[in-house]
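I have placed the structure first, in the form of structure tokens, so that the comments after it can refer back to it.
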Amino acid sequence: MAKSISVNLISGRTIQQGVAIESGKEKPSYRTACGIIEMDNADLKALGAWKNTNVKVTSDYGSVVVKAVEATQGPHPGVAFIPMGPWANSIVNPNTYSTGMPTFKGTPVKVEVAMDEPILLGIELVQKQCGVIVG
Amino acid sequence: MTKNITDVICPFCGTLCDDLEVVVSDDGKKLLEVYNACVIGTEKFLHSQSADRVTRPRLRQADGSWKDVSYDEAAEYTAQMLAKAKKPLMYGWSSTNCEAQSVGNEIAEISRACCDNTAAVCHGTTLIAVQDIGLPSCTLGEVKNRADRVIFWGCNPAHAHPRHMSRYSIFPRGFFTGKGQMSRKLVVVDPRVTDTAKMADVHLQIEQGRDYELLDALRVALKGEWLPDVVAGIPAEKIREVADILKSGRFGIIFFGMGVTQSLSKNHNIDGAIALTKDLNEYTKYSIMPMRGHYNVTGSGEVFAWQFGFPYAVDLSRGFARYNPGDTSSIDLLNRGEVDAMFTIGSDPGAHFPISAVKHIAEVPSVCIDPHLTPTSGVSKLHVPVAFNGVECGGNCYRMDNVPIDCRKVVEPPEGMLTDEQFLIKVRDRLKHLKGAA
Amino acid sequence: METVTITMKNAPTLYLEADNISPDAFAGKTAAQIAELSVHEGNTTSALGKYFDVSGGAGATAAETKIIVKGDVKKVKYLGFKMSAGELVIEGTTDLYVGAWMTGGKILARGDVAAFAATALKGGEITIEGNAGNYLGAAYRGDWRGMSGGKILVKGNAGSDIGMYMTGGEIIVNGNVDVHALTHAEGGTLIIKGNAKSKLGGQMVDGTIYVFGSIEVMMPGFKPNGEVELEVAGTKAKFAHFIGDLGERHKKKKGVVVYGNLYKKI
């Protein structure tokens, strides 16, 4: 059992993400839909994590706490998926290679179990990282 | 008595479905039911009715709390911000109508702003490739009636464009495709076994980030030239087999999405895919189409191109339009610290830009025009809620195949709320006055 | 040759577009006249003298003018824009479009240069002692004509998309290069002394690439074509030869198909 594993992170749409953004990004349903990382069963085993455990995902560009869930559109060993949203964007590679487009797909990340760390709500997560004072 | 409204347009994705039915209350103030839409479209219509909706502009105070202000005060704040800025960025535009976009362009011209739409984080790299080598495309109607080879490359319509497959690309029975799905061969290229890939005749589970190599290999295979044993995790025999499948159709269509525009190679992936389409036209008829995300991102590109000559990432700071993604594009402008004010409308960069860019939005004066509460409104100084375009006001929109469709108003907005266009006209008139351009 | 020295005194808050800092714009002007030339910060236009101290004086023509740029010019764009003759020395690191559309003369950058340097370069020499950014010697957005002449030497590393649509001239990179070097090239030479990433020479029609180090992933359109003994940039060595990109269109010369050439040191 490894303390942490390295995977290739991609992000993108899911239908749950689509419904959640239309029903309100301030709501917990947005976190349920997008504050997750879809991982292959083999990778979850290698990490020694149960399904639905909170994990900390870290890249060269930041880190974020999300819930590790079993991949619904797999198998894809070595590849992990966070639906597009502030959780994924806390850690994606912002390099545009001077094309204007960040590298949203294909960021090497490290995943480790973080059972006791909370998963923030979407707006809260962005405000906290930007240092916005909230009244 | 309730009223049934038919032929309603769905303002969610670029498929711009035009067959919805909604039921509204007799006085036209309440939207009760939605038929024919996908689950996301239904949610969009119904959420407009939520009781906790913000209906007045709000200005952030020093202690972080919000203070309600009038639309006039909000327009004054916005105009002042744009008038003072040396290089404001006006971003978004994809969830509003073309009429509002055009007023926005007037504002951009007066304030000499940088203007950009959500193609920046979506199909911007597609637009680069299109300018480089062109785009042999068609309409979705042609796909429905003719296509017997359908390729989804790096896109997952089962999740992102839920009714695309039933209305146009896989299931419908068209004029020359009378057997529906039976008349089509479906090829999906994706590093995951997506719900779209599960329906495919052939799924190439490509190594992530190697699309450019695989596209090149397909072009080599079409020419019958030498290939290495494995390309992007796919054996050469398989690549040759797929090349033969592609060649053997009567009408083929390549749909592509974020899997290629956002992965390494970006514009070059699209460049390669368009080149492949051109090569296939030596054998049979082929077209290629980007799976545009927002329902009117295509329209925003059309309006920018019509008025400024370029479809996104336009820099007007010197008084004339310049375009060079990498220099004039939103993410680069923000990450490099090139702009000193942020104006957001009809999109959510706070949720969909890398956090490094969002941090810069939080540092500069900012206005967010959006009916929803979003991470962008959460980091902006002024939040201006407006009527839902396509639900509470009509206006022109463009489908992903560049077909213009007029959205319809089906229900009244909450009392006293302005539309995007009405608010922008207030800002424009105030700005003209400030700049002495009136 | 007369020398003008400009030194940054008030660095811009945003970025400065200084397309007038070139021997061509300075030629025949006194220090005071040069300080009057316009520069742009966002939508505001100011005199060059607001940001820079100007000393010395220009020669009568561009060819007789040498410019030395001192101080913090990290946020200055377009140095040496469209220059045709003379010399430009940039003492520190600078931003986008260095030597863009240059047709002659010499630029020496002692630090790093950011993206789009030497865009559509036609002639002259550019030496970059630090690292070069993306799109070095490439075509401008939407153009199909990249660098067509002149020489570029990068002593550090270079970014992605260098020499895109290149049709002539030479680029030498002593360090490593990022993805997509010489994509769509129709001529010209690229020498990489270090390592290359993937997508090297993709959609290449013509032109030559030499790689002394490793190639992360080879493009499938490049076919092995034996080995050759070559002398490249003063080094004699054995190279593996590849031709490509076989997926792309190719011209015929005297009835023989012309391919792009890729040589990798063994």
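Residue numbers start from 1 in every chain, and the chains themselves are labelled A, B, ... in the order their sequence lines are given, proteins ahead of strands.
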Inset, instruction - Just jot down the salt bridge (charged side-chain N to carboxylate O under 4.0 Å, His left out) partners of B/Arg210, sequence neighbours excluded, or say none. - result: B/Glu207, B/Glu213

Legend entry - Minimum heavy-atom distance A/Gln73-B/Thr194, with the two atoms named: OE1-CA, 2.9 Å

Legend entry - Side chains of B/Lys266 and A/Thr96, donor plus acceptor under 3.5 Å: no

Legend entry - Side chain B/His372, main chain A/Gly24, donor-acceptor under 3.5 Å: no

Inset, instruction - Among the options B/Val379, B/Thr42, B/Asp63, B/Asp195, pick out the one with the most heavy-atom pairs lying under 4.5 Å from chain A. - result: B/Asp195

Inset, instruction - Mind checking salt bridge (charged side-chain N to carboxylate O under 4.0 Å, His left out) for B/Asp327 and listing every partner two or more places apart, or none if nothing turns up? - result: C/Lys77

Inset, instruction - Output the residues of residues 34-41 of chain A for which the shortest heavy-atom distance to chain B is under 4.5 Å, in residue-number order; output 'none' if no such residue exists. - result: A/Glu38

Inset, instruction - Just give me the residue among B/Ala120, B/Ser329, B/Ala362, B/Ser65 that pairs up with chain A most often, heavy atom to heavy atom, under 4.5 Å. - result: B/Ala120

Legend entry - Considering all heavy atoms, the nearest B/Ala351-A/Asn89 contact: O-ND2, 2.6 Å

Legend entry - Nearest non-hydrogen partners of B/Met258 and A/Lys105, listed with the distance: O-CE, 3.1 Å

Legend entry - Heavy atoms of other groups near B/Lys198 NZ, more than 12 under 6.0 Å: yes

Legend entry - Within residues 76-88 of chain A, residues adjacent to chain B where the heavy-atom gap is under 4.5 Å: A/His76, A/Phe81, A/Met84, A/Gly85, A/Pro86

Legend entry - B/Ala197 portion near chain A, given a 4.5 angstrom heavy-atom threshold: neither

